[in-house]
Amino acid sequence: MNFCEICGEKLTEKECENCGISEGIVPYCPNCKEFRFPHFNTAVSSVIYNYDFSKILLIKQYKKDYNILVAGYVNKGETLECALKREIKEEVGLNIISFKFNESRYFEKSNSLICNFITNAENENFTLNNEVDFAKWYTGQEAKEAVFKNSFAEYFLNLSLSKIPF
C-alpha cells in the first residue's frame with residue numbers, strides 16, 4: 001500500500017491522461033488531486049576500453065573479491081553523460097574521449113535503472129580513489145574470464161564485446 005509523500009493520504013489507482021494520450025494506471029492522491037509517479041534511482045555504468053579498444057578496465061570495490069565495472073548514481077539535475085564522465089574521473093582518474101550507449105537494465109535490489117555505456121579512455125594511466133580497491137586492464141578474453149559471473153557487469157561486458165568495433 002502506498003501513501004502520498006506530500007500529505008500521507010492513501011493512494012488510489014487512476015488512469016492518467018496527458019494531452020489525450022493515456023499513460024496507463026498511475027498512483028493518485030485523492031486529497032492533493034495529483035498523480036504520484038513511482039520514484040527510482042538512475043545509475044550509470046561503463047565498459048571502459050583503452051584508446052585502441054584492445055583492453056578493458058575492471059575494478060574491485062568495497063573489499064569484495066570480484067571484478068566489476070565502474071558505476072555510480074546520477075545526481076539530481078545531472079545528465080547521464082555528465083554522470084558517466086564524472087564517475088569515471090572520480091573512481092579511476094581517466095578522461096573519456098568517446099562513449100556510446102550500450103544498454104540499460106533494471107536492478108531490483110537498489111530500485112535502480114542502470115544505463116550502461118561503452119567508453120574509450122584517453123590513456124591507460126588510472127589513479128584510484130578511496131572507493132576502488134583494485135583496478136587492472138585486461139584483454140577482452142581475460143576480462144570475460146575475470147568479471148564477476150552472472151552479474152550485470154558480465155552481461156554488459158559481453159554485450160559490448162559483440163559491438164566492438166562500433
Side-chain angles (χ1 to χ4, degrees), residues 1-6 8 10-14 16 18 22-29 32 34-49 56-121 126-136 138 140 143-144 146-164 166:
M1 194 60 53
N2 290 329
F3 297 89
C4 178
E5 61 193 41
I6 304 301
K10 181 178 169 182
L11 298 175
T12 62
E13 290 186 339
K14 184 176 176 180
C16 178
N18 185 7
S22 176
E23 297 207 25
I25 303 298
V26 177
Y28 179 80
C29 177
C32 296
E34 296 279 338
F35 288 97
R36 299 292 181 218
F37 288 87
H39 296 280
F40 66 96
N41 301 307
T42 306
V44 292
S45 74
S46 180
V47 181
I48 303 172
Y49 285 85
I56 298 165
L57 187 69
L58 297 177
I59 66 168
K60 292 181 181 181
Q61 283 186 298
Y62 310 120
K63 310 292 184 229
K64 307 273 189 204
D65 193 31
Y66 49 78
N67 290 299
I68 58 173
L69 305 173
V70 170
Y73 289 103
V74 178
N75 294 326
K76 183 178 180 179
E78 189 175 40
T79 65
L80 294 175
E81 297 84 359
C82 287
L84 177 71
K85 292 175 184 177
R86 177 185 51 77
E87 284 292 337
I88 292 169
K89 185 69 171 177
E90 283 178 6
E91 292 189 8
V92 292
L94 293 171
N95 291 317
I96 296 307
I97 56 176
S98 69
F99 60 89
K100 180 178 181 170
F101 182 74
N102 192 19
E103 191 169 294
S104 63
R105 294 192 97 179
Y106 177 72
F107 186 53
E108 188 170 2
K109 186 176 178 181
S110 64
N111 191 33
S112 300
L113 178 65
I114 301 175
C115 303
N116 182 260
F117 292 84
I118 298 168
T119 58
N120 184 225
F126 60 81
T127 55
L128 307 181
N129 77 357
N130 61 344
E131 294 179 45
V132 180
D133 302 321
F134 175 82
K136 180 180 173 184
Y138 296 87
K144 284 177 77 163
V147 72
F148 185 41
K149 299 301 178 219
N150 301 312
S151 67
F152 278 21
E154 180 183 41
Y155 175 81
F156 290 137
L157 170 69
N158 287 334
L159 186 60
S160 81
L161 288 167
S162 72
K163 294 178 179 182
I164 297 299
F166 296 123

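We're numbering straight along the sequence, starting at 1. These numbers come from the heavy atoms of this one structure, side chains and all, not from hydrogens, waters or symmetry mates.
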Salt bridge (charged side-chain N to carboxylate O under 4.0 Å, His left out) involving Glu90 - partner list, sequence neighbours excluded: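 Only Arg86 meet the salt bridge (charged side-chain N to carboxylate O under 4.0 Å, His left out) criterion with Glu90.
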Partner set under salt bridge (charged side-chain N to carboxylate O under 4.0 Å, His left out) for Lys76, not counting sequence neighbours: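 Salt bridge (charged side-chain N to carboxylate O under 4.0 Å, His left out) list for Lys76, sorted by chain: empty.
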Just jot down the ring-ring contact (aromatic ring centres under 6.0 Å, His included) partners of [X], sequence neighbours excluded, or say none.
{"X": "Tyr138", "result": "none"}
{"X": "Tyr49", "result": "Phe53"}
{"X": "Phe35", "result": "Tyr28"}
{"X": "Tyr73", "result": "none"}

For [X], enumerate each residue passing the side chain to side chain donor-acceptor pair (under 3.5 Å) test, keeping only those at least two apart in sequence or located in another chain.
{"X": "Lys136", "answer": "none"}
{"X": "Glu13", "answer": "none"}
{"X": "Asn158", "answer": "none"}

Could you tell me the separation between the [atom1] atom of [X] and the [atom2] atom of [Y], rounded to the nearest 0.5 Å?
{"X": "Phe101", "Y": "Leu84", "atom1": "CZ", "atom2": "CG", "result": "11.0 Å"}
{"X": "Ile96", "Y": "Ile118", "atom1": "CD1", "atom2": "CD1", "result": "12.0 Å"}
{"X": "Cys115", "Y": "Leu80", "atom1": "SG", "atom2": "CG", "result": "4.5 Å"}
{"X": "Lys85", "Y": "Leu94", "atom1": "NZ", "atom2": "CG", "result": "14.0 Å"}
{"X": "Asn102", "Y": "Leu159", "atom1": "CG", "atom2": "CG", "result": "4.5 Å"}
{"X": "Gln61", "Y": "Asp133", "atom1": "CD", "atom2": "CG", "result": "7.5 Å"}

Show me, pair by pair, the donor-acceptor contacts under 3.5 angstrom made by side chains of residues 64-71, not counting sequence neighbours?
from: Asp65; atom 1: OD1; to: Lys60; atom 2: NZ; distance (Å): 3.1
from: Asn67; atom 1: ND2; to: Ala146; atom 2: O; distance (Å): 3.1

Of all the heavy-atom pairs spanning [X] and [Y], show the shortest one and how long it is.
{"X": "Ser46", "Y": "Thr119", "result": "OG-OG1, 2.7 Å"}
{"X": "Val47", "Y": "Ser160", "result": "CG1-OG, 3.4 Å"}
{"X": "Ala135", "Y": "Leu128", "result": "CB-CD2, 3.6 Å"}
{"X": "Ile59", "Y": "Val132", "result": "CB-CG1, 3.9 Å"}

Lys149: partners by side-chain contact (heavy atoms from CB on, under 4.5 Å), with sequence neighbours left out: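 Lys149: side-chain contact (heavy atoms from CB on, under 4.5 Å) contacts with Val147, Glu154.
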Exercise: do Tyr155 and Asn150 side chains pair donor with acceptor under 3.5 Å: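 Tyr155 vs Asn150: no donor-acceptor pair found between side chains.
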What donor-acceptor contacts under 3.5 angstrom involve side-chain atoms of residues 36-45, with partners at least two apart or in another chain?
from: His39; atom 1: NE2; to: Glu5; atom 2: OE1; distance (Å): 3.0
from: Asn41; atom 1: ND2; to: Ser110; atom 2: O; distance (Å): 2.9
from: Ser45; atom 1: OG; to: Asn116; atom 2: ND2; distance (Å): 2.7

Exam field: side chain Asn120 to backbone Ile97, donor-acceptor pair closer than 3.5 Å: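 No, the answer is negative, given that no donor and acceptor are paired below the 3.5 Å cut-off.
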Side-chain heavy-atom pair Ile114, Phe156 within 4.5 angstrom cut-off: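 Yes - at least one pair of side-chain heavy atoms lies under 4.5 Å apart.
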